[in-house]
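Accompanying notes for the structure given below.
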Amino acid sequence: MGIEYCVILRDVKYPRIEISPLGEVKVIVPPNADAEGLVKRKKEWIEKKLREIEEARMRFLPLSNKLLLNGEFYELIKSEEFGVNPKFHVVLLPGGDLGTLKRWLKSQLREELEFKVRLFSSVFGVKYRKIYIRFQKTKWASCSEKGNLNFNLMLMALPEELRDYIIIHEVAHLKFQRHSRAFWELVREYYPDYMRAQRGLREYWLALQYNEVWRKLREV
């Protein structure tokens, strides 16, 4: 068939196919299920996703040594003092210390989140407990049952309008836990073009899989 995949046997009700951002195809099925038949039926969809991943790799791999910040690529330059210049797309980094950059990114994101989460919580008539910023492996953000909001530091790679969508999405979960019709109606009211935003988020997530700077920031 030309598609490489691994089969994972699991006690699931519905078989499914998962494709990682790096193109690994996993077929998750219950015991005695026809994994090969599922791959054959989904062949066109799988190939489309793999093409998208390959296109992203070709596009973003040459830029892997630059910092993806606010939707733009920044050159890292060793310097005596720290500084970020949006006009020239450069980050001045004392001694190449990524720890300084990571702390700056976190402080910038926290300042933005604290204002916007408070704003939309007031507009939606909901309350939240705490805001956490950390690296998350598979999500941009999440909302816990206790009302805590967790945001991925990699949000700083996104244009501000996409960060706005994620904030609205997660704060809306404080009112509607599930992706119900009422949930999407609330999101649409404050972010009408949310479907375009979702497509943009998928593209940026792929870009980050090939970005060496963000990979190293995760390890700092």
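Heavy atoms only: backbone and side chains are in, while hydrogens, waters and symmetry mates are out.
- With R118 contributing its side chain and E114 its backbone, the two residues share a donor-acceptor pair below 3.5 Å.
- Counting only heavy atoms from C-beta outward, the side chains of L149 and L113 never approach each other to under 4.5 Å.
- In this pair, F183 and H173 present their aromatic rings parallel. The plane angle is below 30°, not in the 30 to 60° band.
- Salt bridge E47/K43: present, at least one basic N to carboxylate O contact under 4.0 Å.
- The main-chain N or O of K130 is found under 3.5 Å from a side-chain atom of N148 such that the two form a donor-acceptor pair.
- A salt bridge is absent between K26 and E24; no separation between the charged side-chain nitrogens and carboxylate oxygens falls under 4.0 Å.
- No donor-acceptor pair under 3.5 Å is formed between the side chain of K216 and the backbone N or O of L98.
- A 4.5 Å side-chain heavy-atom check between Y165 and L201 finds at least one atom pair inside the cut-off.
- Checked by atom type and distance alone, the side chain of Q136 pairs as donor or acceptor with a backbone atom of N152 at under 3.5 Å.
- The salt bridge (Lys or Arg N to Asp or Glu O under 4.0 Å) test with K116 singles out one residue from E170, E160, E111, and that residue is E160.
- Between Y204 and P159 the shortest side-chain heavy-atom distance falls below 4.5 Å.
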Are S64 and N211 close enough, and set up right, to give a side-chain contact (heavy atoms from CB on, under 4.5 Å), and what steps lead you there?
-> CA-CA 4 Å; S64 63; N211 193 274; 5.5 Å; no
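- A ring pair (Phe, Tyr, Trp, His ring centres under 6.0 Å) with W205 is found for exactly one of W140, W214, Y210, namely W140.
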